[in-house]
Amino acid sequence: MATPRQMKITEPHDALARTPAAVCLPNVQPLNDAHAAEALGFLATRNVDSIYMTGLIQDNGVESPLNRGAFYAARGATSGELEGVALIGHATLVEARTEGALKAFASLAKEHPHAHVIVGRQDKIESFWNYYGQGGQRPRQICRELLLEQRLPISTLEPVPELRQATLADMELIVPVNALMAEEESNVNPLVADAAGFRARLRRRIEQGRVWVWTTGGRLVFKVDVMAEAADVTYLEGVYVRPDERGRGYGARCLSQLGRHFLDHERVVCLLVNEHNKDAQVFFFKAGYKLRSCYDTIFLQPEN
């Protein structure tokens, strides 16, 4: 279901300004496909930014225009050990284990003036923004989101035999829904900003079997996108129930069924929900999801 973002834009917290400027900076280098195994090993954690980067590498490789950015590594200046991996481009995602890696990635991100969004765990992004905010793109919208997890399927609900993986025949039903949800999230309509790219990415996701739908009578009743899959984690986005069909338990039935599907083999299912969308939170809690942590999503003001 759509999760409109309404968080007020704020400047970095005063406490962050006291973060020491003199930190040991690692060496930053672009990654290529030869580094895939090393990067995936470093990203083997259960947080959304790591899961998303893992999914991109598994789907597209390290070097691919489909990643809409470039992967970088931060290595200790003396040890050469990996301290961080980041994707910098349309979306900036960072997995860093040292303050120096955060600062180095923030400096590099400033050199990409056409980024759209920065996403990460709340504490990490606050520190990252302390370095990025001076000289980087200005924030257009800042959202606080809750990371929810499901580890065990809820009690069996009435199954939905019609729930299935989408095919390209469903694409014209899905396009306007996904576009509306993206616009509600970012205040940017992807069909206006990049219609061809938006449709191409959705087409590929459908071809990969990553979109699940329930349709009836030519109408889309339920939809969810599997945005990334790691070894033991499935990350969902775009959970949608047709507005005039809400309140009938359809969404809960579909999520229950998908939970049993995805939670085989000790997997975990996770998703993000806006902190202001109380209805969505209640819905997911009833579906067996639990709060794990908080995330910040910063939509950036494009430079002229």
Side-chain angles (χ1 to χ4, degrees), residues 1 3 31 35-62 64 66-69 71 82 84-87 91-97 117-125 144-154 163 165-166 185 201 204-206 208-212 223-240 251 254-275 280-281 283-297:
M1 57 186 58
T3 56
L31 293 175
H35 301 107
E38 182 186 29
L40 289 172
F42 185 85
L43 294 171
T45 60
R46 284 181 179 170
N47 59 64
V48 169
D49 28 359
S50 292
I51 295 166
Y52 194 81
M53 287 190 280
T54 294
L56 289 177
I57 293 173
Q58 290 177 337
D59 288 348
N60 309 325
V62 175
S64 171
L66 295 171
N67 295 332
R68 307 178 78 188
F71 281 98
L82 201 57
V85 171
L87 173 66
T92 293
L93 303 164
V94 176
E95 175 60 27
R97 295 179 185 168
V117 64
I118 299 171
V119 182
R121 200 176 65 241
Q122 177 186 343
D123 55 342
K124 185 193 307 177
I125 292 303
R144 179 62 45 79
E145 297 184 287
L146 309 179
L147 175 64
L148 306 183
E149 273 191 359
Q150 185 180 28
R151 294 175 177 269
L152 296 171
I154 62 174
L163 183 63
Q165 291 171 303
E185 178 178 349
R201 289 186 293 275
R204 188 165 186 267
R205 201 176 309 142
I206 291 173
Q208 292 175 318
R210 296 282 186 82
V211 183
W212 290 76
K223 176 204 69 74
V224 65
D225 294 28
V226 179
M227 295 303 295
E229 290 185 286
D232 57 355
V233 185
T234 298
Y235 171 49
L236 305 181
E237 276 192 5
V239 179
Y240 167 86
C254 289
L255 279 183
S256 170
Q257 188 165 319
L258 287 173
R260 292 191 296 276
H261 173 78
F262 290 126
L263 291 172
D264 287 342
H265 311 299
E266 300 182 0
R267 295 182 65 83
V268 173
V269 181
C270 66
L271 51 84
L272 291 173
V273 61
N274 187 273
E275 70 167 356
Q281 292 172 38
F283 169 74
F284 290 124
F285 291 149
K286 288 183 176 178
Y289 286 81
K290 307 294 184 183
L291 176 64
R292 183 175 181 211
S293 60
C294 293
Y295 274 68
D296 280 345
T297 298

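Since this is a predicted model, take the numbers as computed values, not measurements.
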key: Thr54 OG1 to Leu93 CG distance, which is reported to the nearest 0.5 Å   = 10.5 Å
Hey, does the side chain of [X] reach the backbone of [Y] with a donor-acceptor pair shorter than 3.5 angstrom?
X: Asn67; Y: Val62; value: yes
X: Lys124; Y: Val94; value: yes
X: Lys223; Y: Val211; value: no
X: Tyr295; Y: Val48; value: yes
X: Gln165; Y: Gly209; value: yes

remark   = Shortest non-hydrogen pair, Val233 vs Cys270, comes out as CG1-SG, 3.9 Å
ask   = Pick one: which of Leu255, Val268, Val269 meets side-chain contact (heavy atoms from CB on, under 4.5 Å) with Phe262?
value = Val269
request  = Start with the C-alpha gap between Lys290 and Arg151, add the side-chain angles, then the distance that decides, and say whether side chain to side chain contact (heavy atoms under 4.5 Å, CB included) holds.
outcome  = CA-CA 9 Å; Lys290 307 294 184 183; Arg151 294 175 177 269; over 6 Å; no
ask   = Is the CZ atom of Phe42 crowded by more than 12 outside heavy atoms at less than 6.0 Å?
value = yes
key: Pair Leu236-Val226, side chain to side chain contact (heavy atoms under 4.5 Å, CB included): steps then yes or no   = CA-CA 5 Å; Leu236 305 181; Val226 179; 3.9 Å; yes
Those residues that, when tested against Tyr289, pass ring-ring contact (aromatic ring centres under 6.0 Å, His included) (two or more places apart) = Phe284
Chi angles and distances behind the salt bridge (charged side-chain N to carboxylate O under 4.0 Å, His left out) call for Arg210, Asp59 = CA-CA 11 Å; Arg210 296 282 186 82; Asp59 288 348; 3.0 Å; yes
ask   = Taking the side chain as C-beta and beyond, is there a heavy-atom pair between Gln281 and Leu146 under 4.5 Å?
value = yes
note = The side chain to side chain donor-acceptor pair (under 3.5 Å) partners of Arg204 (sequence neighbours excluded) come to Asn60
